[in-house]
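What follows is one structure encoded as structure tokens, with my remarks underneath.
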Amino acid sequence: MKILLAGGAGYIGSHTALQLMAAGHEVVIADNFDNSCEEAVKRVNELAGKEAVLYEADVREKEALRRIFREHSIDCVIHFAGLKAVGESVKEPIRYYRNNIDTTLSLLETMAEAGVKNIIFSSSATVYGEENPVPLRETMRRGSCTNPYGWTKYMMEQILQDASAADPELSVVLLRYFNPIGAHPSGRIGEDPQGIPNNLMPYISQVAVGRRDHLTIYGDDYPTPDGTCRRDYIHVMDLADGHVKAVEYAVKHKGTEIFNLGTGTPYSVLEVVHAFEESTGVKVPFEIGPRRAGDLAECYANADKALEILGWKTTRNLEDMCRDTWNWQKQNPMGYRPDKKQ
Ligand code: NAD
Ligand code: UDP
């Protein structure tokens, strides 16, 4: 099959591109490099031993999308394109709504024109309301998001579900990711955040490689076994494999289906720090700071539905996630751009 990856040069998109090509699919990537670079795609091609077709394009621009749909017979779209920094979304909500909602609308409109009927969407565990008990199931209430980024995901899920209700031929798969970390085991591709990382694992690995002084753990007074927050960390390669299964499912079904992509096993911030130190042999100095606004004590998946329906489950553990993150970070201390100044 031929799959269009909107935002496919980014962290999750690049790993998914590789796994799709390894599974025998053809990949077309459209990305404006807002948070990524061409080097990532070059390395994916090297690892795959095949070429993904690359368009430098803003996915909001319908003419750019029309050209892609004219030049390729696309079987399925995977929509990764979006802005994803929670704190930035609070400061620049309009930019977030404009980019994330418009990419979705432009994709749906041009897919309809081109007769493309299958779309998989990168959603997030953040759409679950904070009052839900853990583990989170797909049927639980959504809403009460704590920031504009979360609301964009909530709204895009709604838009996609409404589109599928109006077009019985449309197949929509909403994938709710938990906490993707790790990298391809070669260390050639990985997560390359711009500026100071917001997320835990890139922060840890930048401390380990000497780019940052120490980690600040946001609070140790939560109602969890060691007082630090617990999350469902998932290896990005497992997540990528989940997309391969989702594509195979999407093309055979109609309507909307929602899947959690997580491991179902939570780890605390302190457990992640210790696992990183153990699997890499590198110390990660940390201090305990105040809680971060909007953080929940615990967030983890019930991932039974993805196993039952997609036949997918994770196979990589926390040690693999830490080792592969470190392998990427130490080979690429400044990410894809060695001249980067931060
Ligand atoms: P990323 O920033 O690495 O990838 C997103 C890609 O989209 C980037 O390459 C960026 O340049 C591109 N992009 C953004 N706006 C675009 C536009 N208008 N036109 C074309 N390209 C555009 O992020 P990621 O971690 O790979 O996340 C992929 C998707 O998964 C995002 O939608 C994100 O919100 C979602 N998600 C990520 C996480 C996570 O923790 N990484 C968790 C849940 C959901
Ligand atoms: N965290 C932390 N220090 C950091 C970054 C994150 O203590 O510098 C904690 C954060 O409070 C949360 C967990 O690590 O409990 C995961 O945070 P991340 O931002 O990676 O993901 P989230 O689950 O918030 O989307």
Side-chain angles (χ1 to χ4, degrees), residues 5-17 29-38 40-41 55-61 64-65 78-87 89 95-96 98-104 106-107 121-127 146-147 149-150 152-153 156 175-181 189-194 196-204 206-207 212 214-220 222 224 228-234 236 239-240 243 261-262 266-273 286-300:
L5 275 55
Y11 172 47
I12 301 169
S14 56
H15 290 79
T16 302
I29 292 175
D31 203 302
N32 64 357
F33 302 128
D34 185 274
N35 194 37
S36 56
C37 57
E38 203 173 337
V41 180
Y55 289 84
E56 182 170 352
D58 191 315
V59 171
R60 290 172 293 183
E61 301 294 338
L65 291 174
I78 311 184
H79 179 16
F80 299 102
L83 304 176
K84 62 163 186 175
V86 169
S89 80
R95 185 160 80 91
Y96 269 66
R98 175 63 79 193
N99 191 74
N100 292 1
I101 307 285
D102 273 2
T103 52
T104 309
S106 295
L107 275 170
F121 175 61
S122 297
S123 190
S124 165
T126 193
V127 300
T146 53
N147 55 74
Y149 166 73
T152 68
K153 291 291 175 200
M156 291 186 285
L175 298 179
R176 294 184 181 155
Y177 310 157
F178 281 69
N179 288 61
I181 60 173
I189 55 172
E191 186 170 12
D192 182 19
Q194 293 178 30
I196 300 170
N198 298 299
N199 298 112
L200 179 64
M201 189 49 106
Y203 207 104
I204 289 177
Q206 291 195 10
V207 170
R212 319 263 160 220
H214 67 277
L215 170 74
T216 301
I217 294 182
Y218 299 138
D220 67 350
Y222 284 94
T224 58
T228 64
C229 296
R230 299 206 302 168
R231 295 286 180 275
D232 188 337
Y233 297 95
I234 171 171
V236 68
L239 193 62
H243 288 76
L261 295 186
Y267 288 101
S268 74
V269 179
L270 278 170
E271 284 172 326
V272 174
V273 171
F286 67 84
E287 63 178 32
I288 306 293
R291 290 183 177 197
R292 181 171 71 177
D295 275 346
L296 300 179
E298 295 194 294
C299 177
Y300 58 96

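One-based numbering, in listed order, for ligands and for the atoms of each.
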Measure from every N or O atom of ligand 1 to the protein's N or O atoms and keep only the pairs below 3.5 Å, writing each with atom names and distance to 0.1 Å.
unit_1	atom_1	unit_2	atom_2	d
ligand 1	2 (O)	Asn35	ND2	2.7
ligand 1	3 (O)	Tyr11	N	2.8
ligand 1	9 (O)	Gly10	N	3.3
ligand 1	9 (O)	Asp31	OD1	3.2
ligand 1	9 (O)	Asp31	OD2	2.6
ligand 1	9 (O)	Ser36	OG	2.7
ligand 1	11 (O)	Asp31	OD1	2.7
ligand 1	11 (O)	Asp34	N	3.0
ligand 1	11 (O)	Asn35	N	2.9
ligand 1	11 (O)	Ser36	OG	3.3
ligand 1	15 (N)	Asn99	ND2	3.1
ligand 1	18 (N)	Asp58	OD1	3.0
ligand 1	18 (N)	Asn99	OD1	2.9
ligand 1	19 (N)	Val59	N	2.9
ligand 1	21 (N)	Asn32	N	3.2
ligand 1	21 (N)	Asn32	OD1	3.1
ligand 1	23 (O)	Lys84	NZ	3.4
ligand 1	25 (O)	Lys84	NZ	2.8
ligand 1	26 (O)	Tyr11	N	3.2
ligand 1	26 (O)	Ile12	N	2.8
ligand 1	32 (O)	Phe80	O	3.0
ligand 1	32 (O)	Lys153	NZ	2.9
ligand 1	34 (O)	Tyr149	OH	2.7
ligand 1	34 (O)	Lys153	NZ	3.0

If the cut-off is 4.0 Å to any non-hydrogen atom of Asp295, which atoms of ligand 2 fall inside it? 10 (C), 11 (O), 24 (O)
With a 4.5 Å heavy-atom cut-off, do Leu239 and His15 have their side chains touching? no
Per-atom contacts of ligand 2 with Cys229, taking only distances under 4.0 Å to non-hydrogen atoms: 15 (O)
Quick one: does Phe80's side chain get under 4.5 Å of His243's, heavy atoms only? yes
Does Arg95, at its CZ atom, have more than 12 non-hydrogen atoms belonging to other residues, nucleotides or ligands within less than 6.0 Å? yes
Under 4.0 Å, heavy-atom basis, I'd like to know which part of Leu200 is in contact with ligand 2: side chain, backbone, both or neither. both
How far apart are the C-alpha atoms of Val269 and Asp220, what are their side-chain angles, what is the distance that settles it, and do they pass the side chain to side chain contact (heavy atoms under 4.5 Å, CB included) test? CA-CA 9 Å; Val269 179; Asp220 67 350; over 6 Å; no
Less than 4.5 Å apart, any side-chain heavy atom of Ser268 and any of Thr224? no
Between ligand 2 and Tyr203, is the shortest N or O to N or O distance under 3.5 Å? no
Of all the atoms in ligand 2, which lie at a distance below 4.0 Å from a heavy atom belonging to Ile217? 7 (O)
When distances are taken from atom 9 (C) of ligand 2, the protein heavy atom at minimum range is Val269 CG2, 3.8 Å
Identify, for atom 23 (O) of ligand 2, the protein heavy atom at the shortest distance, and state residue, atom and that distance. Arg231 NE, 2.7 Å
Starting from atom 19 (O) of ligand 2, which protein heavy atom do you reach first, and at what distance in Å? Arg292 NH2, 2.9 Å
One pair to check against side chain to side chain contact (heavy atoms under 4.5 Å, CB included): Leu107 and Leu65. What are the steps and the verdict? CA-CA 7 Å; Leu107 275 170; Leu65 291 174; 3.9 Å; yes
What I'd like to find out is whether the side chain of Val86 reaches to under 4.5 Å of the side chain of Asn198, using heavy atoms alone. no
Under 4.0 Å, heavy atoms only, figure out whether ligand 2 is touched by the backbone of Tyr233, its side chain, both or neither. side chain
Do Tyr222 and Asp295 have side chains that approach each other closer than 4.5 Å (heavy atoms only, starting at C-beta)? yes
Identify, for atom 1 (N) of ligand 2, the protein heavy atom at the shortest distance, and state residue, atom and that distance. Tyr218 CD1, 3.6 Å
In the structure I gave you, are the side-chain heavy atoms of Thr216 and Tyr203 within less than 4.5 Å of one another anywhere? no
Can you sort out which atoms of ligand 2 are near Asn198, meaning under 4.0 Å from one of its heavy atoms? 5 (C), 19 (O)
Between Val272, Asn179, Leu296, flag the one that comes closest to atom 25 (O) of ligand 2 by a heavy atom. Asn179
Side chains of Tyr149 and Leu83: closer than 4.5 Å at any heavy-atom pair? no
Would you mind checking which non-hydrogen protein atom is closest to atom 3 (N) of ligand 2, with the distance to 0.1 Å? Thr216 O, 2.8 Å
Scanning both residues in full, the closest heavy-atom pair of Thr103 with Ala81 reads OG1-O, 3.7 Å
Ligand 2 to Leu215, heavy atom cutoff 4.0 Å, flagged ligand atoms 3 (N), 4 (C), 8 (O)
Under 4.5 Å between any side-chain heavy atoms of Val236 and Glu191, yes or no? no
Test of understanding: with salt bridge (Lys or Arg N to Asp or Glu O under 4.0 Å), list the residues that count as partners of Asp232, not counting sequence neighbours. none
What protein heavy atom sits nearest atom 18 (P) of ligand 2, and how far away is it? Asn199 ND2, 3.5 Å
